[in-house]
Amino acid sequence: MSEIQNQSTHWADITADKIIREKGEKSLYTCASGITPSGTVHIGNFREIITVELVVRALREKGKNVRFIYSWDDYDVFRKVPKNMPEQEKLEGYLRFPITLVPDTTGRAENYARANEKAVEDILPAVGVHPEYLYQAARYRAGYYAEDIRHALEHRDEIRAILNEYRTEPLPESWWPVAVFSSFTNKDTTTVLSWDGEYGLTYRDDELDKTETIDIRTTPNTKLPWRIDWPMRWVKEGVDFEPGGKDHLTEGGSYDTSKNVVKVFGGEAPVTMRYDFVQIKGHGGKISSSSGDVVDLYDVLEVYPPEIVRYLFVGTRPSAEFAISFDLDVLKIYEDYDNTERIYFGLIQTNDKKREKERRIYELSQVDDRKIPSEPGYQIPFRHLCNYLQIYSGDMEKVLSRLPDATESQKERLRVRMKCAWTWLEKYAPEDFCFSLRSDELYDATVEERKALHELADFVDQYLETKSEKEFSEYIYQTAKDNGMENADFFRLVYQALIGKDKGPKLASFLAACGREKVLEILRRY
RNA sequence: GGGCCGCUAGCUCAGCUGGUAGAGCAACAGACUCUUAAUCUGUGGGUCAAAGGUUCGAUCCCUUUGCGGCUCACCA
């Protein structure tokens, strides 16, 4: 194991090494991630979580003790009502509230933020991600950060100078490094007026023009703005590694100012890594979050099994942008994964370097690194599996009965895969790709056409199960010839007779896949 | 305006700590009287955006330029 680790060139291993090198040998390494649950947490946000998860796994495999924390910034301000949320007008009334005090109009949880959090927390274990969740609203409101807020107030000028370095408009003299939610309205439309040098903070509610003095230890209204909050928490939790999106990791971005602000709190910045955004391809056209139709982890898991979802992220350098596909690329993704798996199990020969790389990608793609499969999945092309599924109208057990040599563990994996395949066929596959065998309604065939179909039925009856695919295709041509039909016309006829379309899967193999019984059941009715 | 990323075969990209380039698809040739991005065999194809520099040696490192994209400078 360690031998493999040492020579691994996978980015997760390289990052783990970097953390150890830069932070030194420690008894505990803290890796952090987090976002604001201000709306449905989409698949782009997942990139950060999975990036940390992979680095955490790499560190643990090097024998390190690791704490993986995930911060929900649920004391953030509700700035905009996402279009995919019900009861828009009601939510409008809560703008400028902390999201933890906004009601959940979807009826899933006690408040808006919690509903979005819960959706993520429920699904992450499915892809092998198990962080320790930290809830910032609860912490702030319980006075957990009171001393840190006071510390920021004490270093007001120093912090302002750091933030001003990159600002076009310098922060005014009257600026304070805290934000206050009004105790009258819950909104952040307030202005801090003064601080008594200890825990007393006086602010004005700008809407009501009312003034109040609060104690930051006991009144749950104060929070630090993002660029101060982030470095403060680095110190609080002793964060050694935390990646960031490219909006944070750019000159003048929040990582830049935070790595200076963190010194005010007596700490240092964690090792970081920039990840690029994730695009979506083939998801019905409506994909932008502004339209409210976000793609989240649930959507992706409907079409890809957990290990393939991981595979997408594992196999791509975080700094590279990539797209998650819901169109025909899905076929290729499955094939790519299977290919990696075949290399892992030595079913495909390749050079050492490539094999080592693919091996590591396969390992990291597995949901549980202690339960890596001991045998490859059942070898059937994804396309073929899709055809089987359609022949049996989505009945997975019937499909499995056609694959008698599959082992139990392979069947388990096939079931997950078929469920995804079926969802894909129903929701995303192109029209041309889909078919279903005729049941009640028959093709309105002419007398000549019926004769041809009868002849084909006889061949099917006699030879479909005994002749090879290639040999059987001879009978198809012969039928066309015997009935004086052009091949193209005859193929069209057979597809119409079986599936009501002009085209379909390659005929000889399609008939074989359907099986003698099913084909005859339909053809004999003409 | 600052910063970051990309520019490699017709297309999408891989190539990672410097040793004169790979995959899939497309193309072409041949199998198959055959369809949905169908199957098999084989072939061709690249001044690694451009120009300098470092080096025995550069797709890779440095500088400059061009083109494309993103991001920060308001909030988080």
Side-chain angles (χ1 to χ4, degrees), chain A residues 7-11 14 17-18 34-38 73-80 96 98-99 136 163-171 179 188 223-230 244-258 274-277 279 281 315-323 325 327-333 335-336 339 350-351 353-354 357-358 381 383-384 386-387 390 429-435 469-474 476-481 485-496 499 501-511:
Chain A
Q7 56 188 291
S8 170
T9 56
H10 191 272
W11 58 264
I14 290 171
D17 285 336
K18 187 179 176 193
I35 69 150
T36 298
S38 59
D73 291 340
D74 45 15
Y75 208 35
D76 199 1
V77 182
F78 189 50
R79 293 187 180 75
K80 196 179 157 193
R96 307 315 306 183
I99 52 176
Q136 298 309 325
L163 297 185
N164 276 345
E165 267 181 58
Y166 294 100
R167 293 179 65 96
T168 2
E169 288 286 314
L171 293 162
D188 74 338
K223 77 178 287 259
L224 295 171
W226 164 248
R227 285 182 186 239
I228 304 164
D229 173 76
W230 200 25
K246 58 182 174 183
D247 46 342
H248 297 309
L249 277 273
T250 185
E251 182 160 309
S254 53
Y255 182 82
D256 237 25
T257 52
S258 293
R274 225 184 61 147
Y275 58 82
D276 207 315
F277 301 144
Q279 308 283 318
K281 187 162 172 258
T316 314
R317 294 189 320 277
S319 63
E321 182 179 291
F322 77 104
S325 301
D327 59 8
L328 270 170
D329 283 355
V330 169
L331 300 178
K332 183 167 161 36
I333 301 298
E335 295 303 328
D336 285 349
N339 209 45
T350 174
N351 64 56
K353 201 173 169 186
K354 167 117 178 171
K357 189 182 161 197
E358 297 291 314
R383 176 185 292 272
H384 201 164
C386 287
N387 285 340
Q390 295 186 90
E431 186 56 33
D432 281 353
F433 199 89
C434 302
F435 66 84
E469 225 171 270
K470 193 175 176 186
E471 286 173 312
F472 189 79
S473 57
E474 292 301 320
I476 298 174
Y477 302 131
Q478 197 186 319
T479 309
K481 201 175 168 187
M485 295 176 75
E486 290 296 325
N487 283 306
D489 293 333
F490 182 63
F491 277 98
R492 197 176 307 123
L493 168 64
V494 178
Y495 287 121
Q496 275 296 344
I499 59 175
K501 296 177 69 169
D502 286 343
K503 296 170 175 179
K506 203 171 165 90
L507 194 53
S509 60
F510 179 55
L511 292 176

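Order of the sequence lines sets the chain letters (A, B, ...), proteins ahead of strands, with each chain counted from 1.
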Separation of B:C16 P from A:Lys18 NZ (nearest whole Å):
19 Å

Using a 4.0 Å heavy-atom cut-off, does A:Asp489 contact any base of the nucleic acid, only the sugar-phosphate backbone, or nothing at all?
nothing

Report the base-pairing partner of B:C61 (Watson-Crick or G-U wobble, both distances below 3.5 angstrom), or none.
B:G53

With P as the reference atom in both, quote the distance from B:C60 to B:A21 in angstrom, rounded to an integer.
13 Å

Figure out the CZ/P separation between A:Arg274 and B:U71, and round it to whole Å.
11 Å

Which nucleotide wins on minimum distance to the side chain of A:His248, given the candidates B:G15, B:U71, B:A76?
B:A76

P atom, B:U71 versus B:A9: distance in rounded Å?
27 Å

Among B:U33, B:A76, B:G24, the one nearest any side-chain atom of A:Asp76 is B:A76

Nearest-angstrom distance from the residue atom CG of A:Asn339 to P of B:G24:
10 Å

Whole-Å distance, A:His384 NE2 to B:A38 P, equals 15 Å

Please verify the inter-ring angle class for A:Phe510 with A:Phe435; under 30° counts as parallel, over 60° as perpendicular, anything in between as tilted.
perpendicular

Counting only Watson-Crick pairs (N1-N3 plus N6-O4 or O6-N4) and G-U wobbles (N1-O2, O6-N3), all under 3.5 Å, who is the partner of B:G1?
B:C72

Pick the P atom in B:U20 and in B:C4, then give their distance to the nearest Å.
30 Å

Is the NZ atom of A:Lys481 crowded by more than 12 outside heavy atoms at less than 6.0 Å?
no

Quick one: are A:Leu171 and A:Leu163 in side-chain contact, heavy atoms under 4.5 Å?
yes

5′-ward residue of the pair A:Arg227/A:Lys246 relative to RNA chain B:
A:Lys246

Using the salt bridge (charged side-chain N to carboxylate O under 4.0 Å, His left out) rule, take A:Arg492 and A:Asp489 through it: C-alpha gap first, then chi angles, then the decisive distance, then the call.
CA-CA 5 Å; A:Arg492 197 176 307 123; A:Asp489 293 333; 3.0 Å; yes

So, for A:Gln390 and A:Phe433, which heavy atoms are closest and what is the spacing to 0.1 Å?
NE2-O, 3.3 Å

Winner on side-chain proximity to A:Lys506, out of B:C74, B:G2, B:A38, is B:A38

Base, sugar-phosphate alone, or nothing: which one does A:Phe510 contact when heavy atoms must sit under 4.0 Å apart?
nothing

Over all strands shown, is A:Phe433 touching base, sugar-phosphate only, or nothing at heavy-atom distances under 4.0 angstrom?
base

Counting side-chain heavy atoms from C-beta on, which of B:C74, B:A76, B:A38 comes nearest to A:Asp247?
B:A76

Of the candidates B:A14, B:A76, B:G2, the side chain of A:Glu251 sits closest to B:G2

Taking only the C1' atom of each, what is the distance from B:A31 to B:A38 in whole angstrom?
14 Å

Touch class at under 4.0 angstrom, heavy-atom based, for A:Ser509 against every strand present
nothing

A:Arg167 side chain N/O closer than 4.0 Å to the phosphate oxygens (OP1, OP2) of B:G2?
no

In whole Å, what is the span from the CG atom of A:Asp329 to the C1' atom of B:G24?
11 Å

Should B:C16 form a Watson-Crick or G-U wobble pair with both distances under 3.5 Å, which nucleotide is its partner?
none

Heavy-atom pair of closest approach, residues A:Ala179 and A:Pro225
N-CD, 4.4 Å

For the residue pair A:Tyr255 and A:Trp230, categorise the inter-ring angle as parallel (less than 30°), tilted (30 to 60°) or perpendicular (more than 60°).
perpendicular

B:C40 pairs with which nucleotide, Watson-Crick or G-U wobble, both distances below 3.5 Å?
B:G30

Looking only at side-chain N and O atoms, does A:Thr168 come under 4.0 Å of OP1 or OP2 in B:C74?
yes

For A:Pro225, which contact category applies under a 4.0 Å heavy-atom criterion: base, sugar-phosphate, or nothing?
sugar-phosphate

What nucleotide among B:A76, B:U33, B:C5 has an atom nearest to a side-chain atom of A:Thr36?
B:A76

How far, in whole Å, is B:G68 from B:A73 if one measures between their C1' atoms?
22 Å

Rounded to whole Å, please give me the gap between CG in A:Asp327 and P in B:U12.
15 Å

Looking at the side chain of A:Arg317, which of B:G24, B:C70, B:C16 is the nearest nucleotide?
B:C16

Side chain of A:Arg79 only, heavy atoms from C-beta on: which candidate in B:U71, B:A76, B:U33 is closest?
B:A76

Whether A:Arg96 contacts B:A76 is assessed here as follows: a side-chain N or O lying under 4.0 Å from the phosphate OP1 or OP2. Is that the case?
no

Can you tell me, in whole Å, how much space there is between the P of B:U39 and that of B:G52?
46 Å

B:G24 pairs with which nucleotide, Watson-Crick or G-U wobble, both distances below 3.5 Å?
B:C11

In whole Å, what is the span from the CG atom of A:Leu507 to the P atom of B:C32?
19 Å

Ring-face cation of A:Lys246 near A:Tyr275 (centre distance under 6.0 Å, axis angle within 45°):
no

Taking atom C1' in both B:G10 and B:G44, what distance in whole Å separates the two?
13 Å

Taking only the P atom of each, what is the distance from B:C25 to B:C40 in whole angstrom?
9 Å

Round to a whole Å and report the spacing from CH2 of A:Trp11 to P of B:G15.
14 Å

